[in-house]
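Read the structure below first, then the notes.
Nothing fancy with the numbering, it's 1 onward along the sequence. Order of listing sets the numbers, starting from 1, for every ligand and every atom in it. Values reported hereafter were calculated over all heavy atoms of this structure, with side chains retained and with hydrogens, waters and symmetry mates removed.
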Amino acid sequence: MTSFEADYSKACVQPSPNHGVRADGRKPDMIILHYTGMPTPESALDWLCREESEVSCHYFVHENGDVVQLVAEARRAWHAGKGSWHGEGDINSRSIGIEIANAGHPGGLPDFPKKQIAAVIELCRDCGKRWSIAPERVLAHSDVAPIRKVDPGEKFPWAELHHAGVGHWVDPAPITGGRFFQRGDCGQPVEALQSMLSLYGYATEITGEFSERTAGDVEAFQRHFRQERVDGIADFSTIDTLHRLLSALPRYS
Ligand SMILES: [Zn+2]
């Protein structure tokens, strides 16, 4: 298999055959974080390097912080599958994919070791600088593929990443009582919620009806930005957190 030179100086190269050309000569402008969701890191890494799996990623981060590069950054790795963000469907053509070794929901959602998170932060900063990736475009797989994907999960420490200069974040509003919206609700407030999710980047349909899909998008949002309760119900804390996140977005001229 053809090897290549690591783009990240601290990475060891273990090439995967699963990659292609980025569509329309695109440069990566997003980072997508995943967990492997497999019992052992070895089995996950082995799978990502097998031709028959037809999956790969650019980087693999071990629990001890060791980083392996499987696909050159200039190439299109096959990690995101079907998804969408800001109306763009071919996530693989515009992203760097990072797999983080973690057994995930099937394995009881174990904590991410400190060394591993430190390595993810350093890697994201390095890629982010190299490709000028905006903080709000460092996302979870679950953000771009709600319902279908739940990784890297609600225990992933996004706040910690943000404090180290990676990703977009505001402190979530505390969970209190008050009005909320859920499956089956209809009307203008539901439409406003859908508009906000869509404005942030989610592929939410603006229909005014709180559908199963809307609940899935709310759940994906909570998994990233309001991790204390992931239930697909748009309570005041969820809506307020989303509102403040939107306000905190840099304005593009
Ligand atoms: Zn994933």
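As for H34, its N/O/S atom nearest the Zn ion (ligand 1) is the one called ND1. Distances from the Zn ion (ligand 1) to the N/O/S atoms of H141 are shortest for ND1. Restricting D151 to its N/O/S atoms, the shortest distance to the Zn ion (ligand 1) is reached by OD2.
For H19 and W78, the gap between ring centers reaches or exceeds 6.0 Å. In this structure, F210 has its ring center at least 6.0 angstrom away from the ring center of F180.
Note that CD1 of I32 is 10.5 Å distant from CD1 of I96, once rounded to the nearest 0.5 Å.
Between D143 and R223, none of the side-chain N atoms (NZ, or NE/NH1/NH2) sits under 4.0 Å from a carboxylate O, so this pair counts as no salt bridge.
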